[in-house]
Number of protein chains: 2
Amino acid sequence: MPRDLRMSRILHVLIHMDRHVERATSEQISKMISTNPVVVRRLMGGLRDRGIVTSEKGHGGGWKLSRPLTEVTLRDVYDAVGAPPLFNIGPHAEPSECLVEKAVDAQLDASLSEAEVRLLAQFSTISVESLARDFEDRFARMQQDGRGAPNTPNPHTGFHRLAGKS
Amino acid sequence: MPRDLRMSRILHVLIHMDRHVERATSEQISKMISTNPVVVRRLMGGLRDRGIVTSEKGHGGGWKLSRPLTEVTLRDVYDAVGAPPLFNIGPHAEPSECLVEKAVDAQLDASLSEAEVRLLAQFSTISVESLARDFEDRFARMQQDGRGAPNTPNPHTGFHRLAGKS
DNA sequence: AAGACATGAAACTTGGAATGTTACGTAAGC
DNA sequence: GCTTACGTAACATTCCAAGTTTCATGTCTT
């Protein structure tokens, strides 16, 4: 339903890099998230500027995590992709002359701002590592309970088989 | 910053109708919010379907409030405009084959869903009347404190001068 | 030094959603 | 019968994320 997929995509990439590959080129990463190398560079550029990943040119170059995912929060990722508008609804951008409109916009904005603060605060408390681990735990439990999910071994590039032996 | 202005516009219209005009045509309303009569009909159609306003055709027709704004919540308005996606960010629509991606999307969706439930719950507690009154109170206070805001008498169609004598 | 491999960045195209617009149909009042 | 107004379909416009093309820059290998 939503629109801006950048956060979702970056999280996807970060976890793959942590779990499966030490160093990855934009080309390789673009296959993970089914897109173009240039799009990957745009996304990763924000992460590099914030010290979450490093990039190296030339032969053997590519992207590497520069700190453990325990030290990267959802808030960091959100900021790294440019802190796009959280909400799809809201008041006008430019203020109006109309007092009623200004009143409505101010009140509506107050509700949304409060919700935004809360959500971003929650993002700050969630590390990418814990996000990945939550899932892996649940998946492992399913696995050992009566007949787990399919565990289809069909990844993008040959990686995968998450949450087996760690 | 945001995109979907429908809620903001409808609130604007509802308060104007309650405060200033008993009955208004799509033409008149369109001038309030600087748009087209057809756009107004689209917006108001949702309200009519939910019993918030009534419409009448022909001479002397137009739109009227069918219940007091004390009995219309922000949630009602949100639903009436089609309950558009609240968030601008989020995971993909179609599920992926990749387990990592599914994990990321599920976790991200969980955070967003929780925030959505909270925000909509809050919308349910706020009536359009109280939203308007909050502003009017604050405005009146500014007015009597040392020299209030300009109180510019320049509305859309000649209405206005909110929060004077009620 | 030459060539291959990567990132960096600018410029343009594409696609979807809200909005704006035009046109026509239907109902109500004069 | 004519004007007024809503109801609706169809199309145009605008905005932004995403996709794409192209070239420049830096780095490793031979």
Side-chain angles (χ1 to χ4, degrees), chain A residues 1-10 12-13 21-49 53-64 66 78 80-94, chain B residues 1-10 12-13 17 21-49 53-64 66 78 81-94:
Chain A
M1 298 282 197
R3 296 261 314 298
D4 196 315
L5 308 176
R6 286 177 286 186
M7 230 182 125
S8 168
R9 285 176 145 178
I10 283 292
H12 186 180
V13 169
V21 288
E22 181 75 12
R23 189 192 290 112
T25 66
S26 302
E27 179 74 26
Q28 294 174 308
I29 293 173
S30 72
K31 285 172 185 157
M32 290 183 196
I33 56 178
S34 306
T35 183
N36 196 290
V38 178
V39 173
V40 171
R41 292 193 192 106
R42 278 208 287 252
L43 291 176
M44 300 296 280
L47 298 180
R48 181 198 52 225
D49 295 343
V53 300
T54 58
S55 63
E56 279 177 35
K57 293 183 171 182
H59 244 107
W63 304 88
K64 279 172 60 180
S66 54
Y78 170 75
V81 297
L86 271 182
F87 295 104
N88 186 44
I89 68 170
H92 288 78
E94 342 117 42
Chain B
M1 299 279 199
R3 295 264 313 298
D4 194 315
L5 309 176
R6 286 177 285 186
M7 234 184 120
S8 168
R9 285 176 146 179
I10 283 292
H12 185 180
V13 169
M17 288 182 69
V21 289
E22 181 74 13
R23 188 193 288 115
T25 67
S26 302
E27 179 75 26
Q28 294 173 309
I29 294 173
S30 72
K31 286 173 184 157
M32 291 183 197
I33 56 178
S34 306
T35 183
N36 196 291
V38 178
V39 173
V40 171
R41 292 192 192 108
R42 278 208 286 251
L43 291 175
M44 300 296 280
L47 298 181
R48 181 199 50 225
D49 295 344
V53 299
T54 57
S55 64
E56 279 178 35
K57 293 184 172 181
H59 245 105
W63 304 89
K64 280 171 60 180
S66 55
Y78 170 75
V81 297
L86 271 184
F87 295 104
N88 187 43
I89 68 170
H92 288 79
E94 341 117 40

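Computed from a predicted model, the values in this text were never measured in an experiment.
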Atom [atom1] of [X] and atom [atom2] of [N]: how far apart are they, to the nearest Å?
X	N	atom1	atom2	answer
A:R41	D:dT25	CZ	P	16 Å
A:R42	C:dA6	CZ	P	21 Å
A:M7	D:dA17	CE	P	15 Å
A:I10	D:dA17	CD1	P	15 Å
A:H59	C:dA2	NE2	P	18 Å
A:R3	D:dA18	CZ	C1'	10 Å

Per [X] side chain, nearest of listed nucleotides [options]:
X	options	value
A:K57	D:dG26, C:dT19, D:dA18	D:dG26
A:V38	C:dA27, D:dG19, D:dT20	D:dT20
B:N36	C:dA11, C:dT22, D:dC6	C:dT22
B:V39	D:dG7, C:dG20, C:dA6	C:dG20
A:T25	D:dG7, C:dT19, C:dA6	C:dA6

Does a side-chain heavy-atom distance below 4.5 Å link B:V53 with B:M44? yes
Between the two end axes of the helix from C:dA1-D:dT30 to C:dC30-D:dG1, each built from 5 base pairs, what angle do you get to the nearest 10°?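 Here the helix ends are tilted 10° relative to one another.
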Can you list the residues that meet the side-chain hydrogen bond (donor to acceptor under 3.5 Å, both in side chains) rule with B:R6, with sequence neighbours excluded?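 In terms of side-chain hydrogen bond (donor to acceptor under 3.5 Å, both in side chains), with neighbours along the sequence ignored, B:R6 is linked to B:D4.
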Hey, does B:R48 reach any base, or is it just sugar-phosphate, or nothing, if we go heavy atoms under 4.0 Å? sugar-phosphate
Which sits closer to the 5' end of DNA chain D, A:G60 or A:R9, going by the nucleotide each is nearest to? A:R9
